[in-house]
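Below: one structure, written as structure tokens.
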Amino acid sequence: MNLKNIVNRYLINALEKLNLTVKSFDLSSSKNPKFGDLSTNVALILAKQVRRNPMEIARKIEQAIPIDNSILSEINVTPPGFINFRISPIYYQSIVQQIINKDKHFYTGNIGKGKTANVEFVSANPTGPLSVGHGRQAVIGDTIANILQWHGYDVTREYYYNDGGKQMRILGESVAARYFQELGQSVEWSDDYYQGDYIKNIAKNIVKEFGEKVKIGDAIFRKVAEERIFSNIRNTLEYIGIIHDIFSNEKDFIKPNKIESLIESLRQKGLIYEADSATWYKTTSLGKDQDRVLIKSSGEPAYRLPDIIYHRDKFERNYDLLIDIFGSDHIDSYPDVVSALEALGYNTSNLRVLIHQFVTLTKGGEKVKMSTRKAEFVTLDELINLVGKDVVRYFFLMRGMNTHLNFDLELAQDQSEKNPVFYLQYAHARICNIIRHGEQHGITFDKNYGPSLLSHDAEIELMKQLNQFPEIMATVLESLEPRSITNYLQTLASSFHKFYTECHVITEDIPLSQARIALISATKNILAEGLDILGINAPKRM
RNA sequence: GCCCCGGUAGCUCAGCUGGAUAGAGCAACAGCCUUCUAAGCUGUGGGCCACAGGUUCGAAUCCUGUCCGGGGUACCA
């Protein structure tokens with residue numbers, strides 16, 4: 001059981017003894033160590049209810065809590081009515097043992113045990129290489145999947161794409177145009193065409209593989225382009241450690257019978273009408289300011305339609321938790337998908353849609369506009385080559401997904417050398433080095449070490465941080481914001497570096513050395529565990 | 001117009017399910033390596049938490065309004 005639960009129980013017992021009831025109260029780590037380790041506002045909340053002085057109530061509660069020296073060393077009350085708990089070093093010392101003994105509490109959660117989850121992310125159509133913008137979503141999605149796995153979920157990583165739409169047609173035409181240019185023929189060039197060099201390369205390859213006799217409108221242009229681009233996308237994803245379990249193709253969801261059945265279901269709810277020879281979804285009756293087209297007058301489905309069918313399919317697959325990760329361009333359309341699913345009778349409370357803001361790229365202070373079609377973008381590959389996989393992942397994870405991430409390319413490399421990710425990795429490598437050093441001097445880990453020898457301020461502080469890990473993981477499962485993990489690992493690493501400068505591990509004092517080896521081993525385990533969740537390497541040497 | 005996000009140190013950002021003195025990194029300045037990795041540690045300077053109201057014992061955090069910035073608002077996906 002974790003520390004908070006233990007103290008919480010003390011409080012509840014005390015309240016019962018005093019015949020006090022309260023709906024909810026806060027028990028959290030004290031921001032200022034002066035006040036102890038944990039503080040609660042329960043007396044302040046109660047004061048309002050019973051109309052009495054909060055200090056008076058706090059003192060009563062304080063007296064009703066027994067001091068158990070293995071956990072609590074002190075309780076005190078401070079104005080305006082906080083009750084503060086100081087935790088016994090004995091408790092923190094026991095944390096190190098738990099971590100070393102691989103206590104499950106530190107290595108896995110049980111909330112998702114026996115449950116399934118699906119995380120849909122990236123979902124870029126194969127019209128060009130992944131950009132830096134896609135990278136943010138890719139890394140966030142993969143890490144959220146890791147977080148769910150840590151909590152016991154059986155996670156499916158899914159990539160949804162569309163290779164049948166207008167954009168793909170233009171892609172094929174763009175390649176064809178380059179192909180004929182390559183053969184020295186003059187072709188009509190449209191501004192709509194994709195302009196990146198990768199298009200030229202694909203065209204050159206078609207010349208090489210299929211010769212010079214491919215005709216205008218041949219399906220080969222699009223087919224080869226899609227294959228090439230898709231394999232490139234997969235390589236890029238693999239490059240930063242991401243592997244999807246399922247690739248879902250829109251084609252499988254726009255079959256006539258599926259479309260008809262969906263339209264009919266919605267029509268029965270009075271949400272469908274025809275106008276201007278198109279089929280409309282009456283989003284105004286669901287609070288939107290305008291209705292949306294589901295089937296264009298040409299008879300083709302508009303993109304919302306397959307999205308709805310696709311999501312219905314995911315619901316039918318009966319996951320316990322569905323997560324969609326979209327860029328902010330979806331902000332307006334996903335509520336329509338959700339409302340349609342609700343209208344169809346699905347319980348959307350187990351669907352979580354996470355919207356992240358786009359990456360704003362600047363080059364020497366000037367904004368770089370990103371457009372796949374105009375080939376104005378920086379590819380994810382280029383970025384990874386520039387700064388490395390670990391930095392890319394960390395960079396995208398350390399900021400909240402609601403921030404408009406500002407990324408200056410000229411500073412990217414510069415910043416990477418001072419990047420906080422090295423701070424974490426360095427802590428891990430340093431520990432490995434100390435352990436090696438100990439081995440060279442015949443001082444190794446001994447499970448009969450004396451935990452009570454760990455009593456230096458820097459040691460206590462480090463143990464306190466270790467104790468936080470499961471709690472951080474629990475809050476991240478709620479918020480689905482990986483940045484809490486990066487923030488936590490920073491403070492953990494900081495506590496370790498401080499410990500390192502103040503306490504020598506390998507010394508002539510063998511018992512103390514062994515106790516400290518236990519402490520740094522536990523620290524190493526948690527650092528590695530955290531980095532693993534982030535998909536970042538924990539190096540043994542740097 | 002409508003919707004979503006943001007506005008915290010010179011810069012990039014934490015902190016935001018309300019708590020006690022607002023933090024980190026970078027940049028600037030001053031220190032610390034004859035013993036485990038200086039990619040580290042210690043210290044100094046730097047803030048009307050955009051602005052104005054409100055709720056509260058208590059607001060950077062919640063509510064309302066204003067201003068500024070980013071994005072979205074297609075019978076493109």
Side-chain angles (χ1 to χ4, degrees), chain A residues 24 26 28 30-32 34-35 39 41 44 47-48 54 78-82 84 123-125 127 161-162 164-168 170 192 250 275-280 288-290 292-304 306-307 327-333 335 355-358 360 367 373 398-408 411 414-415 417-427 429-438 440-441 443 475 478-479 483-484 486-487 490-491 493-494 496-508 513 516 520 541-542:
Chain A
S24 71
D26 189 54
S28 58
S30 315
K31 298 218 165 133
N32 189 330
K34 190 174 85 187
F35 298 119
S39 302
N41 63 354
L44 291 160
K48 212 180 293 179
T78 50
F82 290 106
N84 308 303
S123 295
N125 291 336
T127 57
Y161 69 102
N162 162 21
K166 185 176 160 193
Q167 295 307 319
M168 294 304 293
I170 294 173
D192 283 345
E250 184 197 69
D276 304 328
S277 66
T279 303
W280 293 74
K288 286 286 194 131
D289 59 350
Q290 51 186 304
R292 303 290 177 175
V293 167
L294 287 185
I295 299 177
K296 303 181 205 170
S297 52
S298 65
E300 287 175 302
Y303 72 98
R304 260 167 250 257
D307 271 7
S328 57
D329 51 342
H330 280 71
I331 202 98
D332 202 59
S333 66
I355 302 284
H356 69 90
Q357 299 299 316
F358 283 127
T360 312
K367 198 160 287 170
R373 191 177 305 174
M398 67 190 286
R399 305 297 182 215
M401 55 183 114
N402 280 333
T403 59
H404 298 272
L405 189 53
N406 186 15
F407 200 116
D408 195 307
L411 289 176
D414 208 41
Q415 283 177 345
E417 283 162 21
K418 296 147 189 161
N419 197 290
V421 70
F422 291 122
Y423 186 79
L424 302 184
Q425 294 181 319
Y426 186 53
R430 249 183 170 177
I431 293 172
C432 293
N433 195 60
I434 298 169
I435 292 170
R436 273 195 301 272
H437 186 258
Q440 281 158 19
H441 290 74
I443 304 174
T475 59
E478 281 301 307
S479 69
R483 95 184 123 183
S484 305
T486 64
N487 287 342
Q490 283 294 318
T491 44
S494 170
F496 167 73
H497 286 308
K498 222 165 270 183
F499 158 81
Y500 175 89
T501 42
E502 290 188 34
C503 303
H504 223 78
V505 176
I506 308 299
T507 61
E508 316 232 308
S513 299
R516 286 181 172 167
I520 64 170
R541 287 178 202 274
M542 278 176 81

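In what follows, every chain begins at residue 1, and chains take the letters A, B, ... in the order their sequences are listed.
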A:I434/A:Y500 under side chain to side chain contact (heavy atoms under 4.5 Å, CB included): CA gap, chis, key distance, verdict: CA-CA 10 Å; A:I434 298 169; A:Y500 175 89; 3.8 Å; yes
Nearest-Å distance once atom C1' is located in both B:C49 and B:U44: 23 Å
Touch class at under 4.0 angstrom, heavy-atom based, for A:R541 against every strand present: base
Check: A:P306 main-chain N/O paired with A:E250 side-chain donor or acceptor under 3.5 Å: no
RNA chain B: 5'-proximal contact among A:G400 and A:R436 (nearest heavy atom): A:G400
Interatomic distance at C1', B:A9 relative to B:G47, whole Å: 6 Å
First of A:T475 and A:N402 reached from the 5' end of RNA chain B, by closest nucleotide: A:N402
Pairwise C1' distance for B:C51 and B:G6, with rounding to whole Å: 16 Å
Contact summary for A:F35 and A:N84, nearest pair of heavy atoms: O-CB, 2.7 Å
Phosphate OP1/OP2 of B:G15 contacted by A:R483 side-chain N/O (<4.0 Å): yes
N/O contacts under 3.5 Å, protein versus nucleotides 40-47 of chain B?
residue, atom, partner, partner atom, Å
B:G40, O2', A:R430, NH1, 2.9
B:C41, OP1, A:Y423, OH, 2.5
B:U42, OP1, A:K498, NZ, 3.2

Closest to the A:S328 side chain, choosing from B:G71, B:C13, B:A14: B:G71
Audit row: A:H330, A:S333, side chain to side chain contact (heavy atoms under 4.5 Å, CB included) steps and yes/no: CA-CA 5 Å; A:H330 280 71; A:S333 66; 4.1 Å; yes
